[in-house]
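First the structure, in the form of structure tokens, and then the observations on it.
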Amino acid sequence: MKLKVASYNIHKGVGLDRRCDPERILTVLREIDADVIALQEADRRYGLREAVIPRAALDDHSPWRVIEPGHYDAARTAASMGWHGNALLVRRDIEVIEACAVPLPTIEPRGAVCVSLRVGGQVLRVIGMHLDLSGLRRRAQVETVCAHIAGHGEQGHAVMMGDLNEWSAKGGALAAFRTPLRVLAPGRSFPSRRPLAQLDRIVVSEGLEVEGSGVHHSALAAVGSDHLPVWAELRLP
């Protein structure tokens with residue numbers, strides 16, 4: 001069973017041309033054509049924190065459904081797509097078991113969302129996250145996410161991905177993803193015009209075979225956000 005996953009910090013839909021263009025973001029997502037997508041900065045920051053991509057555009061004109069994290073507080077309103085800007089999109093033919101928000105230790109507003117899927121008869125948990133700018137906070141947040149995965153009674157495979165804000169190639173907060181977890185390095189994704197840093201990462205659990213990974217480069221992706229999307233093609237055993 002093959003599965004393509006992707007992560008994309010869409011920068012609230014505002015591109016390098018300073019235009020907010022949700023349709024451009026949606027077109028980039030169609031270019032990637034992943035089965036599960038983690039979005040960061042998917043909601044506007046102020047006011048009602050409305051979703052950047054209109055729900056109708058996703059519900060009526062895309063192959064994905066928005067996963068509701070089921071956490072309603074000051075950081076989330078009915079107009080939001082995710083939690084603290086984190087959202088998960090799942091292809092419609094994949095069975096969703098449950099979803100939840102994952103509170104992270106933080107000073108600034110940060111969070112993660114988790115969805116449990118049944119793929120080919122197996123359980124796969126996917127976490128989308130956007131980590132802190134502080135190194136100490138990032139490490140504590142990674143440990144929280146890993147503890148959340150380990151805390152499920154019914155164990156399964158796991159994919160954790162997002163904008164980790166970690167400039168170190170292998171150290172820093174990445175060291176908190178302990179073996180047998182594998183931290184993939186799809187490539188340089190930030191800033192999108194001339195990528196220098198691998199801030200966007202995908203982490204997979206033992207048993208998932210990685211058939212390929214990379215950074216999605218296209219004319220629209222180069223200007224659609226300050227990050228480029230990253231992706232990985234996985235095979236479930």
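If you read the sequence from its start, that first residue is 1, and numbering goes on from there.
Rounded to the nearest 0.5 angstrom, S189 OG and D163 CG are separated by 7.5 Å. Between the CD1 atom in I37 and the OH atom in Y8 there is a gap of 11.0 Å [rounded to 0.5 Å]. In this structure, K12 NZ and I25 CD1 are separated by 12.0 Å, a value rounded to the nearest 0.5 Å. The CG atom of L124 lies 8.5 Å from the CD1 atom of I94; values are rounded to the nearest 0.5 Å. In this structure, the separation between OG on S192 and CG on L16 is 4.0 Å, given to the nearest 0.5 Å.
Closest approach of A112 and V145 over heavy atoms only: CB-CG2, 4.5 Å. Summarising the geometry of R92 relative to D59, their closest heavy-atom pair is NH2-O, 2.9 Å, with the distance given to 0.1 Å. The two atoms that bring I67 and A99 nearest to each other are CG2-CB, 3.3 Å, heavy atoms only. Taking all atoms of both residues into account, the shortest heavy-atom contact from A42 to A87 is CB-CB, 4.0 Å. Between P195 and L228, the shortest heavy-atom contact is CG-CD1, 3.7 Å.
Side chain of W64 to backbone of L88: no donor-acceptor contact under 3.5 angstrom is found. Without hydrogens or angle criteria, R193 side chain to A222 main chain gives no donor-acceptor distance under 3.5 Å. With hydrogens and angles disregarded, a donor-acceptor distance shorter than 3.5 Å links the side chain of H11 to the backbone of V14. With hydrogens and angles disregarded, a donor-acceptor distance shorter than 3.5 Å links the side chain of R44 to the backbone of A51. Checked by atom type and distance alone, the side chain of S225 pairs as donor or acceptor with a backbone atom of H227 at under 3.5 Å. A donor-acceptor pair is defined here as one N or O able to donate and one able to accept, closer than 3.5 Å; no such pair exists between the side chain of N165 and the backbone of L133.
Looking at R19 and D17, a side-chain N of the basic residue comes within less than 4.0 Å of a carboxylate O on the acidic one, giving a salt bridge. Between R55 and E50 there is no salt bridge, since no side-chain N of the basic residue sits under 4.0 Å from a carboxylate O of the acidic one. Between D35 and K4 no salt bridge is recorded (no basic side-chain N to carboxylate O distance below 4.0 Å).
The same ILVMFWY cluster, assembled from side-chain heavy atoms under 4.5 Å apart, contains both I53 and V28. In the hydrophobic clustering of ILVMFWY residues, with side-chain heavy atoms under 4.5 Å counting as a link, V102 and L131 come out together. V66 and V52 end up in the same hydrophobic cluster when Ile, Leu, Val, Met, Phe, Trp and Tyr side chains are linked at under 4.5 Å. No continuous path of hydrophobic side-chain contacts links V203 to V36 [ILVMFWY only; heavy atoms under 4.5 Å]. The hydrophobic cluster containing L184 also contains V126, counting ILVMFWY residues as joined when their side-chain heavy atoms lie under 4.5 angstrom apart, directly or transitively.
Residues W83 and P103 have side chains in contact (heavy-atom distance under 4.5 Å, counting atoms from C-beta outward). With a 4.5 Å cut-off on side-chain heavy atoms, V113 and I127 do not count as touching. Between N86 and L39 the shortest side-chain heavy-atom distance does not fall below 4.5 Å. Between D200 and W231 there is no side-chain heavy-atom pair separated by less than 4.5 Å. Side-chain contact between I202 and V210: absent, with no pair of heavy atoms (C-beta onward) separated by less than 4.5 Å. Looking only at side-chain heavy atoms (C-beta outward), V5 and M161 come within less than 4.5 Å of each other. Side-chain contact between F190 and W167 is present, with heavy atoms from C-beta onward closer than 4.5 Å. T144 has its side chain out of reach of H148: every pair of non-hydrogen atoms, C-beta onward, lies at least 4.5 Å apart.
Remark: E95 CD is packed, more than 12 non-hydrogen atoms of other residues, nucleotides or ligands lying under 6.0 Å away. Residue L136 qualifies as open at atom CG: its count of foreign heavy atoms under 6.0 Å is 12 or below. Other residues, nucleotides and ligands contribute more than 12 heavy atoms inside 6.0 Å of the CZ atom of R91.
Between H130 and the choices Q141, Q40, H84, R110, the side chain to side chain donor-acceptor pair (under 3.5 Å) rule is met once, by R110.
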Note to self: Quick one, F177 with L164, criterion side chain to side chain contact (heavy atoms under 4.5 Å, CB included). Give me CA distance, side-chain angles, the key distance, then yes/no.
What the structure shows: CA-CA 12 Å; F177 292 108; L164 304 191; 4.0 Å; yes
One pair to check against side chain to side chain contact (heavy atoms under 4.5 Å, CB included): L181 and V204. What are the steps and the verdict?
CA-CA 6 Å; L181 294 173; V204 299; over 6 Å; no
**Report entry** Criterion side chain to side chain contact (heavy atoms under 4.5 Å, CB included) on T27 and R24, from CA distance to verdict
**Finding:** CA-CA 5 Å; T27 301; R24 178 168 57 191; 5.6 Å; no
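Qualifying side chain to side chain donor-acceptor pair (under 3.5 Å) partners for H217, counting only residues two or more places apart in sequence or in other chains: none. Not counting sequence neighbours, H61 has no partner by the ring-ring contact (aromatic ring centres under 6.0 Å, His included) test. For E166, the side chain to side chain donor-acceptor pair (under 3.5 Å) partners at least two apart in sequence or on another chain are R138. Remark: R139 engages no residue in a side chain to side chain donor-acceptor pair (under 3.5 Å) (not counting sequence neighbours). For Q198, there are no side chain to side chain donor-acceptor pair (under 3.5 Å) partners at least two apart in sequence or on another chain.
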Using distance only, find each side-chain donor-acceptor pair of residues 114-123 under 3.5 Å and give its atom names and separation, not counting sequence neighbours.
unit_1	atom_1	unit_2	atom_2	d
S116	OG	R125	NE	3.1
Q122	OE1	H157	NE2	2.9
Q122	NE2	P237	O	2.5

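The closest side-chain donor-acceptor pair between S213 and E233, if any, does not fall under 3.5 angstrom.
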